Amino acid sequence: MAISTLRSLGNLDSGMILAPERYHPGRELNIGDLSYRYLSELVVFAHPVISPRNAAKIPRLYVVDTGDSTEGHVTGLKGFTTSINSSKKPIEPGDVIISGLRPYLRQIVYVDNDLPAIQDAGTRYVCSTEFYVLRPIDTEPIAFVGTFLLSERVQSV
């Protein structure tokens, strides 16, 4: 059976988004009367990319791939490298990274200071371009965003 949703122009998401999957009732998170804030009030999507050519100027790299992340943390420590074969996104402590490849695998990570040598000025942490990198707008930590996105209620949506 087909599902229909009616929206007035005033109820479309900003930018007049018309994608039908955006308004599917099964994908809406019903929060009732709870107060809320938009994600865009807390984070920005970090878009810079490091090419293999530019990476050659960085003394040490640590690459986080989608297989290295699950349930809020980096699972594998494969060591450092001095080169990459494809473009990567730089990540920093305080970021939340979300894999867009297979969301059902719960590949959402809060990048904290516990990664090895994260404080070393010569080391850059980078991740696959499959990740969305959320960076806090100000100095307020956003670790709770990862926890929220991993919650049962959000994952069911």
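All values derive from a computational prediction rather than experimental measurement.
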Heavy-atom pair of closest approach, residues [X] and [Y]:
X: V109; Y: S69; result: CG2-CB, 3.1 Å
X: F131; Y: D65; result: CE1-C, 3.7 Å
X: P136; Y: G94; result: CD-O, 3.6 Å
X: I98; Y: L149; result: CD1-CD1, 3.4 Å

Original post:
Excluding sequence neighbours, so at least two apart, what forms side-chain hydrogen bond (donor to acceptor under 3.5 Å, both in side chains) with T139?
Top reply: none
**OP:** To the nearest 0.5 Å, tell me how far C127 SG sits from Y132 OH.
**Re:** 12.0 Å
Subject >> Rounded distance [0.5 Å steps], CD1 in I108 versus CG in L150 >> reply: 4.0 Å
Please list, chain by chain and in numerical order, all residues satisfying salt bridge (charged side-chain N to carboxylate O under 4.0 Å, His left out) with [X], sequence neighbours excluded.
X: E130; result: none
X: R135; result: E92, D95
X: E41; result: R37

Subject >> Remaining members of the apolar cluster that contains I137, side-chain heavy atoms under 4.5 Å >> reply: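 When side chains under 4.5 Å apart are linked, the cluster holding I137 also contains V44.
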In chain order, what residues pass the side-chain contact (heavy atoms from CB on, under 4.5 Å) check against [X], with sequence neighbours excluded?
X: L61; result: A55, I58, T81, I84, R124, V126
X: S86; result: K88
X: L39; result: V43, L134, V145
X: S51; result: R53, N54, S87

Original post:
With sequence neighbours left out, what residues match Y38 under ring-ring contact (aromatic ring centres under 6.0 Å, His included)?
Top reply: Y36
**OP:** Flag yes if I50 and F80 sit in one hydrophobic cluster, no otherwise; membership is Ile, Leu, Val, Met, Phe, Trp, Tyr, and two members link when side-chain heavy atoms are under 4.5 Å apart.
**Re:** no
Subject >> In one Ile/Leu/Val/Met/Phe/Trp/Tyr side-chain cluster, 4.5 Å: V63, V74 >> reply: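 Different hydrophobic clusters.
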